[in-house]
Amino acid sequence: MNQQSNSFLDGLNNEQSNAVNHFEGPLLVVAGAGSGKTRALTHRIAHLITEYKVDPSEILAVTFTNKAAREMKERLELLLAKRIAKYQLDQPWSSVSLVEQNQFRTRIYREVTKDLWIGTFHALFSKLLRFDIEKFVDKEGLKWTKYFSIYDETDAQSLIKEIIIQDMNLDPKRFEPKKVRWAISNAKNQGILPDQFTQSAEGQRGKLIAQVYSLYRKALAANNALDFDDLLLLPVQLLKQNEQVRSYWHNRFKHLLVDEYQDTNWTQYELIKLLVTNGINPSFFSSWSKRSVFVVGDADQSIYSFRAADFRILMGFQEDFKNKNSLQGLSNVVKLEENYRSTSTILDAANSLISNNKERLDKVLKATRGEGELIKLTRCDDEISEAEAVVHRLRLLEAHNKDLKWGDIAILYRTNAQSRVIEESLVRWNIPYIVVGGLRFYDRREVKDILAYLRLLINPSDSVSLLRILNVPKRGIGKTTVQRFSDASSQLGIPLWEVVSDPEAIRSLGGRSAKGLLKFKELIDDLRLSLNNTEPSQLIQLVMEKSGYISELIATATDEAEERRRNLQELVNASLQYQEENEAADLEGFLATAALASDADKKDTAHDRITLMTLHSSKGLEFPIVCLVGLEQGLFPSYRSLDDPASLEEERRLCYVGLTRAKERLFLFHATERRIWGGMREPAVSSIFLSEIPSELIEGDIQLAGGAALRRERRMDRLTRVDRREDQLNSSGISKNLPTNAVRRKYSGPAPGVSWEVGNKVLHSAFGEGEVTHIFGSGEKISIAIKFVGMGPKILDPRLAPIQPIKDN
DNA sequence: CCGAATTTAATTTTT
DNA sequence: TTAAATTCGG
């Protein structure tokens with residue numbers, strides 16, 4: 001291959017090269033885990049621009065997260081900057097000065113990446129809606145303006161709850177807002193509108209939900225707001241309805257690239273079709289000249305069906321988009337099956353596991369690397385022991401490998417709630433970590449409050465935001481007053497803001513709350529004066545100060561208030577960063593970014609921290625070392641999937657995703673008892689997935705390297721425990737497939753219920769080895785005195801102190 | 001009529 | 001353990 005002219009094909013294997021080199025027509029890239037698909041995507045974009053002279057503004061690339069979008073832009077920038085450096089200076093990138101490197105990158109940003117549309121479906125189509133939403137009118141006459149608010153799941157649910165109770169007089173216990181919201185969301189993600197939903201609704205309950213749907217949509221329009229699903233559904237409606245708009249975007253975006261295609265839903269699929277074929281049935285579409293649709297995915301990694309994703313869309317791609325122009329024998333599918341990431345041991349385990357799924361295209365990941373180490377399985381007594389076992393493992397790894405960075409390690413779990421126990425252990429042992437996911441930064445109460453002010457400023461129809469902040473900080477406006485006004489608002493059919501800000505209405509109230517309302521109205525009017533000539537970051541500060549929010553936090557003077565204040569400072573920083581990254585930074589844009597940001601998006605340049613996250617958030621990432629915890633029936637796989645084969649297969653895919661994140665080492669953990677919430681201990685049976693990994697690939701946690709200090713075993717009541725577990729396993733019917741050499745060990749962290757005796761040897765994370773000399777009190781009020789080697793005795797609370805018992809031998 | 005205090009219910013995964 | 005719902009005091 002000619003190195004000079006085709007640098008973006010360099011170093012690629014045949015299949016990758018075929019993918020990157022693809023120009024016109026549809027192409028499906030079936031990309032197994034770790035097969036270099038991100039590379040194929042970025043290289044293809046670079047290739048399209050440099051070799052096929054495609055204008056960057058004609059490219060639309062869909063990623064699964066904002067983070068992936070940002071990374072793709074960065075990689076692309078680097079790729080292209082290196083290329084022009086080579087042309088202009090004929091120097092390898094590493095010998096180009098930093099100043100010049102930055103000049104090249106800036107130039108690439110101006111000429112290329114700025115014009116590229118790269119982002120999630122939601123981000124891209126909310127951007128499209130900012131342009132064209134005012135050209136859309138719903139069949140029922142519903143309209144929106146470009147200042148629309150984006151409602152998150154909480155906002156959406158509270159609106160639905162309002163409708164269920166106020167408008168429909170239904171019992172929210174029987175019609176749980178959450179479930180109703182879910183049903184509506186599902187409909188929206190399949191492109192079903194209220195009228196069609198009503199027609200196909202079954203039973204009284206179905207009919208009522210259909211009615212909620214219809215009212216909900218009207219309410220959204222009245223608030224000039226869209227939920228996440230609308231960000232996709234409205235563009236579909238708009239593009240179907242308005243030929244001019246459709247043609248414009250069809251002609252603009254000549255090349256579509258979609259990553260993680262297995263996790264698209266029918267609405268997203270519809271969007272792709274509309275843009276690619278301009279509304280023509282794809283089977284009859286033939287104008288592929290200088291146009292392409294390029295999708296990348298792996299059906300085995302489809303893990304978002306709860307969000308209405310359907311991997312049959314991926315499976316149907318070749319049928320949907322037949323390339324009539326392609327030469328005979330030229331297939332429109334490329335398969336990337338060579339895995340460059342993991343050891344063959346890890347791949348064998350993953351392949352074996354996933355082969356238990358019925359519904360899949362046959363595909364096997366081929367290893368390109370060595371065998372590596374065996375997978376280690378550790379069985380623990382409960383979730384606290386499990387956390388301690390994980391930490392113990394990490395400390396061993398650290399002790400044995402000087403080059404190890406904490407950033408090389410990920411701890412993965414099924415549910416966010418599992419992180420807490422692990423965090424506690426990590427804190428005890430002073431290991432730095434970062435939790436990805438869970439509550440988003442933008443979901444914090446104080447942040448949402450300030451954002452609600454901003455939303456109300458630009459979108460006066462937004463009653464949900466208004467209700468949120470009307471009495472925050474406290475202005476003496478109580479429940480009854482609010483109720484009165486929102487009744488008036490819905491009866492008169494005018495936005496709540498107009499009622500609340502009407503001096504007549506306020507005066508009619510008299511006395512107490514009138515004062516607060518008037519103050520509020522003046523505040524909003526005042527802030528609106530700054531709206532058009534103030535940048536987002538300054539506006540945020542204005543809101544925080546003038547609303548009295550900050551002074552209230554200062555007055556409160558608790559640690560919690562201090563934390564909130566820091567978060568708000570962080571919000572200002574986020575807006576400053578947004579302004580830096582976007583030339584035309586406006587408040588609408590910032591609010592959209594905030595609404596669509598996920599916690600997984602935040603930059604984690606932390607090479608010195610262990611990453612904790614759910615299996616879902618780990619999609620697309622890789623780590624040299626992966627610990628997967630909580631492998632128990634009912635937890636992983638989730639109890640909701642146990643009696644549904646299709647869901648169980650999805651859980652298995654999730655497990656497959658987890659295993660294939662690991663490059664070098666994989667550690668699996670499960671407990672035999674687990675507290676669900678608070679205190680109830682429940683027996684746990686090991687996950688069926690463990691029995692689906694060949695036992696010769698797994699070894700039990702026998703070896704206890706790391707010296708006598710870490711060699712410990714609590715013999716007490718161990719035998720009885722083992723017996724009990726054995727019975728459990730036998731009755732569960734899966735024990736025979738379990739790898740039998742998993743050694744049962746107890747990792748006694750400072751768990752309640754650990755019995756301490758004088759003479760016990762312990763290891764403390766800071767003080768080292770010691771021996772228990774006294775025990776004071778018992779039960780909840782226990783404390784123990786420990787004499788540490790080389791220092792005096794310390795009195796500690798064994799339930800809090802970072803100590804572990806050591807077996808004395 | 002407002003705001004604080006107490007009780008009660010709830011945990012899958014996320015744009 | 002936490003967040004929301006309900007009750008109670010001013």
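Treat the numbers as computed from the prediction; the structure is a model and nothing was measured. So you know, we letter chains A, B, ... as the sequences are listed, proteins then strands, and number each from 1.
Across the interface with DNA chain B, nearest-nucleotide mapping of A:Ile477 and A:Glu650 shows A:Ile477 to be the residue nearer the 5′ end. Position along DNA chain B of the nearest nucleotide to A:Thr480 versus A:Ala417 favours A:Thr480 as the more 5'-ward residue.
Rounded to whole Å, the distance from OH on A:Tyr442 to P on B:dT14 is 18 Å. Across the protein-nucleic acid pair, A:Asn66 atom CG and B:dT15 atom P stand 8 Å apart, rounded to whole Å. Here the C1' atom of nucleotide B:dT14 and the CZ atom of A:Phe228 are 9 Å apart, to the nearest Å. Taking atom CZ on A:Arg674 and atom P on C:dT1, their separation rounds to 17 Å, with Å as the unit. As a whole-Å value, the separation of A:Asp259 CG from B:dT15 C1' is 15 Å. Taking atom NE2 of residue A:His122 and atom P of nucleotide B:dT15, one finds them 9 Å apart after rounding to whole Å. Counting to the nearest Å, the C1' atom of B:dT14 and the CG atom of A:Leu596 are 12 Å from each other. One atom, CZ of A:Arg653, and another, P of B:dT13, lie 18 Å apart when rounded to the nearest Å.
Residues satisfying the ring-ring contact (aromatic ring centres under 6.0 Å, His included) criterion with A:Tyr151, sequence neighbours excluded, are absent altogether.
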- Dot-bracket for DNA chain B, 5' to 3', with Watson-Crick and G-U pairs under 3.5 Å, [ ] for crossing pairs and | for other-strand pairs: what is it? ||||||||||.....
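Residue pairs meeting the salt bridge (charged side-chain N to carboxylate O under 4.0 Å, His left out) criterion with at least one partner in residues 156-169 of chain A, sequence neighbours excluded, are absent.
In the set B:dT11, B:dT15, B:dT14, the nucleotide with an atom closest to the side chain of A:Glu153 is B:dT15. In this structure, the nucleotide among B:dC1, C:dT1, B:dT14 sitting nearest to the side chain of A:Arg420 is C:dT1. With distances taken from any side-chain atom of A:Thr120 to the nucleotides B:dT11, B:dT15, C:dT1, the minimum falls on B:dT15. Among B:dT14, B:dC1, B:dC2, the nucleotide with an atom closest to any side-chain atom of A:Thr481 is B:dC2. Closest contact between the side chain of A:Asn416 and the listed nucleotides B:dT14, B:dT15, B:dC1 involves B:dT14.
Aromatic ring centroids of A:His670 and A:Phe689 lie 6.0 Å or more apart. Between A:Phe311 and A:Tyr261, a ring centre-to-centre spacing not shorter than 6.0 Å is recorded.
You'll find the side chain of A:Met72 reaches within 4.5 Å of the side chain of A:Thr63, heavy atoms only. The shortest side-chain heavy-atom distance between A:Val295 and A:Ile272 does not fall under the 4.5 Å cut-off. Under the 4.5 Å side-chain criterion, counting only non-hydrogen atoms from C-beta, A:Phe64 is in contact with A:Tyr304.
Partner of A:Arg455 under the side chain to side chain donor-acceptor pair (under 3.5 Å) criterion, out of A:Asp155, A:Asn224, A:Asn223: A:Asp155 alone.
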Could you list the donor-acceptor pairs under 3.5 angstrom formed by side chains in residues 171-178 of chain A, with sequence neighbours left out?
residue: A:Asp171; atom: OD1; partner: A:Lys173; partner atom: N; Å: 2.9
residue: A:Glu176; atom: OE2; partner: A:Lys179; partner atom: NZ; Å: 3.4

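Comparing B:dT13 with C:dA4, their P atoms are spaced 16 Å from each other, to the whole Å.
Across all strands shown, A:Arg440 has no heavy atoms under 4.0 Å from either base or sugar-phosphate atoms. Backbone-only contact: A:Tyr304 has heavy atoms under 4.0 Å from sugar-phosphate atoms and none from a base. Using a 4.0 Å heavy-atom criterion, one finds that A:Asp229 contacts no nucleic acid atom at all. Residue A:Asn471 is classed as a sugar-phosphate contact, given heavy-atom separations below 4.0 Å to backbone atoms only.
Residues from residues 154-186 of chain A placing a heavy atom under 4.0 Å of any atom in DNA chain B, listed by number, are A:Lys178.
The side chain of A:Thr65 places no N or O atom within less than 4.0 Å of a non-bridging phosphate oxygen (OP1 or OP2) of B:dT15. In terms of phosphate contacts, A:Ser617 brings a side-chain nitrogen or oxygen within less than 4.0 Å of OP1 or OP2 of B:dT14.
Counting heavy-atom neighbours within 6.0 Å of A:Tyr147 OH, excluding the residue itself, gives a total of 12 or less.
For the residue pair A:Thr614/A:Ser617, the side-chain donor-acceptor check at 3.5 Å is satisfied. One side chain, A:Asp227 or A:Tyr216, offers a donor N or O that lies under 3.5 Å from an acceptor on the other. Under 3.5 Å, the side chains of A:Asn189 and A:Thr267 contain no donor-acceptor pair of N or O atoms.
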Might you list the N or O atoms of the protein lying below 3.5 Å from N or O atoms in nucleotides 4-8 of chain B, with each pair's distance?
none

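With centres under 5.5 Å and a plane angle under 30°, the ring of A:Phe306 is stacked against the base of B:dT13.
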